[in-house]
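Remarks on the structure that follows.
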Protein chains: 2
Amino acid sequence: MDAARPPLRERKKLRTREALIDTALDLFTRQGFTRTTLDELCYAVEVSKRTFFRNFVNKEDVAMAPTQDLWAAFLDELRVRDPDGRPLMEMLQETLLSALERMTADGWASRVVLSRNLAAATPSMNAHGLDFCDRTTRAALAIVHDRFDIADPDDVRPRLALDILVAAFNKALEKWASRSGAPSRADLGADLRDTFAAIPGSLTLTVGPRSPEPPARPASI
Amino acid sequence: MDAARPPLRERKKLRTREALIDTALDLFTRQGFTRTTLDELCYAVEVSKRTFFRNFVNKEDVAMAPTQDLWAAFLDELRVRDPDGRPLMEMLQETLLSALERMTADGWASRVVLSRNLAAATPSMNAHGLDFCDRTTRAALAIVHDRFDIADPDDVRPRLALDILVAAFNKALEKWASRSGAPSRADLGADLRDTFAAIPGSLTLTVGPRSPEPPARPASI
DNA sequence: TACGTTTATGCCACTGAGTGGCACTATGGA
DNA sequence: TCCATAGTGCCACTCAGTGGCATAAACGTA
């Protein structure tokens, strides 16, 4: 009896789920999202459309599973993390990075890249991806309010911090996906750290007009 | 001959467009978004479904028009604004505030509140709303890169600044929509300023654990 | 007033996503 | 061996969204 081995029924269910994800990423990438019908996908996986919708809430959902795994781990981690008196923003960043460390499933990085590129190319997938980020942000906010000491329940700062975290994540994902070579989790971690480091500068960055006029007054706050 | 009076054809088109928006906001609010079919809406406005889709890209779009007007004005304003050596973030905030000043159409504020509340209550509308923000962000980023002097074209800071602006806007919108009484543009402006002011603090906000440390105050909300 | 051109609209048939209902089968427990 | 239960397949249905083509209204011109 293996503890890490759930009953057969669940294993089977998980296998069809993974087959749907892999086949969907493959078909969507090769043929395009809209040009691939669900009937086609279900036929390829030998599953009824009804079964598809028992596993995923909509057509977009199946292709976003890899990224969703990361954010689920983020929320798990956030539920147990120790604040230890450092800025919330910093803690959120570290929480995301340790969630990333947990993404050890085989080929996860490759699937995330496929998923992201599809989202970038498909309006409706982009929309659903953003919606997922939004719902995750709210869930995280609830955890933060529940576990940490925040005087004013209407304080907008925690929410902004989470939004900024997500914005940085998406930007880092974009950078990482455009790298050449096989995608690796370590590289994503590096891109995340770089992007996090750029956050404070985004509030103070000063720009002048472009080329026609010379910069009248460079950096001053 | 009135200069501010476009040809009859365009006026008619605009009128059906506005009728669709107003009727949609009304029906969606009263009956719910999903429980209102497009056939129903088109029947009420006495327009064919084909005409609906010539005016709006999808069912969600019609209910987001009021907010889209604001962001269109924001982009217009951004195309002509003078950077004058202040931080980009500050300039973006002021640009949005002056775009807001231009929203003088009758009942605009009320429509925005309806629109926002619908988005908050309807997952697919929320998703499309976020997608619209994202596309607007990209458009704004293109303008910023085109008009202002940014050394590195891959600099993530302008993008982050825009994302933060949008996050603050959405948060301010939420606060404003929950106010009691008739919604006013001035109140939205005030909520925007408040939220903008909270941005720097969101990066440095420090939190401790909830119940254990502080005085004997039980952890009930 | 008569004319052609342009532009918006109506109508109709069609694809495909997503749902509800019910019967069927495989798993796991007694 | 039998039964309860979870998961699946099948079928019919609703409704969003599209393509094509004919029509009508608006505008310019003679």
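Proteins come first, then strands; the chains are lettered A, B, ... in the order of their sequence lines, and each starts at number 1.
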| field | Selection: residues 26-37 of chain B, any non-hydrogen atom under 4.0 Å of DNA chain C | value |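 Nucleic-acid contacts, sorted: none.
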| said: Closer than 4.0 angstrom, basic N to acidic O: yes or no for A:Arg157 and B:Asp194? | reply: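 Salt bridge between A:Arg157 and B:Asp194, a charged N being under 4.0 Å from a carboxylate O: no.
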| query | Should B:Lys171 and B:Glu174 count as an ion pair when the cut-off is N to O under 4.0 Å? | reply |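 A salt bridge is present here (some side-chain N lies under 4.0 Å from a carboxylate O).
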| field | 4.5 Å side-chain heavy-atom contact, A:Asp61 and A:Gln68 | value |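 A side-chain contact exists here, since the closest heavy-atom pair is under 4.5 Å.
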| With sugar-phosphate meaning primed atoms plus P, OP1 and OP2, does B:Lys12 contact a base, only sugar-phosphate, or nothing at under 4.0 Å between heavy atoms? |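 The answer is sugar-phosphate, as B:Lys12 gets under 4.0 Å only of primed atoms, P, OP1 or OP2.
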| message | Using a heavy-atom cut-off of 4.0 Å across all strands, would you classify B:Glu46 as base, sugar-phosphate, or nothing? | response |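 The answer is sugar-phosphate, as B:Glu46 gets under 4.0 Å only of primed atoms, P, OP1 or OP2.
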| query | Got a donor-acceptor contact below 3.5 angstrom from the B:Arg116 side chain to the B:Ala177 backbone? | reply |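 The answer is no, because no donor-acceptor pair under 3.5 Å joins these two groups.
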| request: Choose from D:dG7, D:dG9, C:dG10 the nucleotide whose nearest atom is closest to any side-chain atom of B:Arg50. | output: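 Out of D:dG7, D:dG9, C:dG10, the nucleotide with an atom closest to B:Arg50's side chain is C:dG10.
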| said: I'd like to know whether A:Thr67 forms a side-chain contact (heavy atoms from CB on, under 4.5 Å) with A:Phe169, so could you lay out the CA-CA distance, the side-chain angles of the two residues, the decisive distance to 0.1 Å, and finally the verdict. | reply: CA-CA 11 Å; A:Thr67 321; A:Phe169 169 77; 4.2 Å; yes
| said: Please determine whether a side-chain nitrogen or oxygen atom of B:Ser48 lies at a distance below 4.0 Å from atom OP1 or OP2 of C:dT9. | reply: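 Answer is no, no contact under 4.0 Å.
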| message | Tell me the interatomic distance from A:Leu14, atom CG, to D:dA6, atom P, rounded to whole angstroms. | response |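 For the pair A:Leu14 CG and D:dA6 P, the rounded distance is 18 Å.
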| field | d(CG, A:Asn55; C1', D:dT8) in whole Å | value |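 For the pair A:Asn55 CG and D:dT8 C1', the rounded distance is 11 Å.
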